[in-house]
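Here's the structure we're looking at; comments come further down.
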Amino acid sequence: MVRLKVNGVERSFDGDPEMPLLWYLRDILGMAGTKYGCGMALCGACTVLENGSAVRSCSTAMATLAGKNITTIEGIALPGLHPVQKAWVEANVPQCGYCQPGQIMQAVSLINSQRKVTDQEIDEVMSGNICRCGTYQRIRAAIKTVTRETS
């Protein structure tokens with residue numbers, strides 16, 4: 001039995017310990033905000049926070065999550081939009097939008113770890129999150145907006 005918190009709610013899981021967190025979130029909890037991209041932790045579409053740090057949920061086994069706090073895109077917006085989400089809207093970041101939950105969660109992790117970031121740091125941290133539409137300049141601008149507002 002794996003006990004964990006998802007978006008602040010105590011949960012338990014008594015299934016296959018190798019089941020990826022992504023399938024637990026989507027198929028068991030019905031949280032469709034976290035996306036399936038590549039299934040190999042290469043694209044970043046499935047990014048969530050584990051104890052505040054970005055992880056790829058498609059390759060994170062449920063067995064490794066005992067006592068952990070998981071935050072999904074649904075969880076950062078409580079009770080209103082997260083500052084990163086607000087900046088995303090203001091910078092008109094999304095085009096197709098598929099990668100955006102993972103992009104946002106990676107950005108939240110970056111901002112949580114350091115308040116002021118350079119373009120190079122943003123590019124390095126965000127490089128594992130692929131955007132087919134190529135909105136990288138707007139992603140960087142949104143992140144810089146949040147870091148300016150919170151520093």
Side-chain angles (χ1 to χ4, degrees), residues 1-88 93-94 96-136 138-140 142-144 146-147 150:
M1 175 76 65
V2 176
R3 296 188 194 288
L4 67 157
K5 281 188 180 180
V6 177
N7 297 332
V9 177
E10 294 280 345
R11 305 282 185 170
S12 60
F13 175 74
D14 195 21
D16 179 0
E18 295 306 310
M19 174 190 251
L21 171 61
L22 176 64
W23 301 131
Y24 176 70
L25 296 171
R26 291 183 61 82
D27 295 346
I28 295 175
L29 298 183
M31 295 180 175
T34 304
K35 304 300 183 203
Y36 175 78
C38 66
M40 300 177 350
L42 299 172
C43 72
C46 67
T47 304
V48 297
L49 303 181
E50 177 186 305
N51 293 343
S53 297
V55 297
R56 304 299 192 252
S57 64
C58 72
S59 64
T60 301
M62 290 301 296
T64 66
L65 298 173
K68 303 284 176 80
N69 293 307
I70 303 300
T71 307
T72 68
I73 191 72
E74 294 91 347
I76 65 164
L78 302 174
L81 288 180
H82 187 279
V84 172
Q85 291 172 307
K86 289 177 185 175
W88 241 244
V93 171
C96 82
Y98 194 82
C99 71
Q100 297 309 301
Q103 298 276 2
I104 290 169
M105 297 308 289
Q106 186 71 50
V108 169
S109 176
L110 170 62
I111 291 164
N112 286 345
S113 70
Q114 57 190 75
R115 292 294 181 202
K116 211 128 168 81
V117 293
T118 66
D119 286 351
Q120 182 178 348
E121 290 168 326
I122 292 170
D123 292 347
E124 286 174 11
V125 170
M126 299 302 293
S127 69
N129 291 72
I130 298 170
C131 175
R132 285 186 63 184
C133 301
T135 63
Y136 300 111
R138 289 183 279 184
I139 289 168
R140 186 189 306 135
I143 292 170
K144 290 197 79 155
V146 176
T147 60
T150 59

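The structure displayed is predicted, hence computed values, not measured ones.
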Reported CD-to-CZ distance for the pair Gln103 and Arg138, which is rounded to 0.5 angstrom: 12.0 Å

Stepwise side-chain contact (heavy atoms from CB on, under 4.5 Å) test for Gln106 and Ile104: CA-CA 5 Å; Gln106 186 71 50; Ile104 290 169; over 6 Å; no

Reported SG-to-CZ distance for the pair Cys96 and Arg132, which is rounded to 0.5 angstrom: 7.5 Å

Euclidean distance, Cys131 SG relative to Tyr98 OH, rounded to 0.5 Å: 13.5 Å

Nearest non-hydrogen partners of Thr64 and Lys68, listed with the distance: O-NZ, 3.4 Å

Separation of Ser109 OG from Met126 CE (nearest 0.5 Å): 9.5 Å

Minimum-distance pair of heavy atoms, taken over all atoms of Cys43 and Gly37: SG-CA, 3.6 Å

Donor + acceptor pair across side chains of Gln120, Thr118 (<3.5 Å): no

Close side-chain approach of Thr147 to Lys116, heavy-atom, < 4.5 Å: no

Where Ala107 and Val84 come nearest, the two heavy atoms and their spacing: CB-CG1, 4.1 Å

Step-by-step side-chain contact (heavy atoms from CB on, under 4.5 Å) determination, Leu22 to Lys35: CA-CA 8 Å; Leu22 176 64; Lys35 304 300 183 203; over 6 Å; no

Straight-line distance of Ser57 OG to Leu49 CG, nearest 0.5 Å: 11.0 Å

Heavy-atom check, side chain of Trp88 versus side chain of Ile139, under 4.5 Å: yes

Pairwise distance CZ(Phe13) to CE(Met19) - rounded to 0.5 angstrom: 4.5 Å

Pairwise side-chain contact, Val48 with Thr71, heavy-atom cut-off 4.5 Å (strictly under): no

Asn7 versus Thr72, side-chain donor and acceptor atoms under 3.5 Å: yes

Audit row: Val6, Met31, side-chain contact (heavy atoms from CB on, under 4.5 Å) steps and yes/no: CA-CA 10 Å; Val6 177; Met31 295 180 175; 3.9 Å; yes

Closest approach of Ala41 to Cys58 (non-hydrogen atoms, all atoms of both residues): N-SG, 3.2 Å

Pairing residues for Lys5 by the salt bridge (charged side-chain N to carboxylate O under 4.0 Å, His left out) criterion, not counting sequence neighbours: Glu10

Thr47 and Arg56: side chain donor to acceptor below 3.5 Å: yes

Contact check, side chains of Leu4 and Met62, non-hydrogen atoms, under 4.5 Å: yes

Ile130 to Leu42 - nearest heavy-atom pair and separation: CD1-O, 3.9 Å

Contact check, side chains of Asn69 and Glu50, non-hydrogen atoms, under 4.5 Å: no

Minimum side-chain heavy-atom gap Gln100-Ile73 below 4.5 Å: no

Any donor-acceptor N/O pair, Arg3 side chain to Ser12 backbone, under 3.5 Å: no

